[in-house]
Amino acid sequence: MPIAVDIDVMPARRRMSVGELAERVGITSANLAVLNNGRAKAVRFATLAALCEALECQRGDLLRWEAEEAVDHSSPADAAD
């Protein structure tokens with residue numbers, strides 16, 4: 001996935017537990033885990049804003065873009081040419 005989630009980094013820097021962060025943001029610890037491990041398909045701006053407020057950080061501290069590795073889509077038959 002090209003978007004990497006670093007939600008676990010900022011609470012550690014703030015000496016805040018995941019449970020405390022979830023409570024401050026108003027979501028469950030399970031939903032916070034889904035966001036953090038990259039299984040979430042989307043995140044609401046309101047949730048992202050609440051995370052940034054609770055952690056006193058910017059959205060770029062929580063989310064970053066990573067280039068996907070180049071995938072070779074050629075077939076073995078193409079290599080024979």
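Keep in mind it's a predicted model, so treat the numbers as computed, not measured.
- Under the salt bridge (Lys or Arg N to Asp or Glu O under 4.0 Å) criterion, R64 pairs with D6, E66, not counting sequence neighbours.
- Using a 4.5 Å heavy-atom cutoff, the side chains of C57 and R14 are in contact.
- Listed by chain and residue number, nothing satisfies the salt bridge (Lys or Arg N to Asp or Glu O under 4.0 Å) test with E23 (two or more places apart in sequence, or in another chain).
- Within 6.0 Å of the CZ atom in R59, the count of heavy atoms belonging to other residues, nucleotides or ligands does not exceed 12.
- Taking the side chain as every heavy atom from C-beta outward, L62 and L48 approach each other to under 4.5 Å.
- R15 is linked by a side-chain contact (heavy atoms from CB on, under 4.5 Å) to nothing, counting only residues two or more places apart in sequence or in another chain.
- No chain of hydrophobic side-chain contacts below 4.5 Å, direct or via other Ile, Leu, Val, Met, Phe, Trp or Tyr residues, connects L21 to V34.
- No donor-acceptor pair under 3.5 Å is formed between the side chain of N36 and the backbone N or O of L32.
- Here the shortest heavy-atom pairing between S29 and G19 reads OG-CA, 3.8 Å.
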Go through it in stages, so that I can follow the logic: the residues are V18 and D8, the test is side chain to side chain contact (heavy atoms under 4.5 Å, CB included), and I'd like the CA-CA distance, side-chain angles, deciding distance and then a yes or no. CA-CA 8 Å; V18 173; D8 57 339; 5.8 Å; no

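- Annotation: the span from D61 atom CG to I7 atom CD1 amounts to 11.5 Å, rounded to 0.5 Å.
- At most 12 non-hydrogen atoms from other residues, nucleotides or ligands lie less than 6.0 angstrom from CD of E53.
- Contact between M10 and L55 at its shortest, heavy atoms only, is CB-CD1, 3.7 Å.
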Residues T47, L35; criterion side chain to side chain contact (heavy atoms under 4.5 Å, CB included); working and verdict: CA-CA 10 Å; T47 302; L35 285 172; 4.3 Å; yes

Take V9 and R13, measure what side chain to side chain contact (heavy atoms under 4.5 Å, CB included) needs, and give me the verdict at the end. CA-CA 6 Å; V9 173; R13 289 183 180 166; 3.7 Å; yes

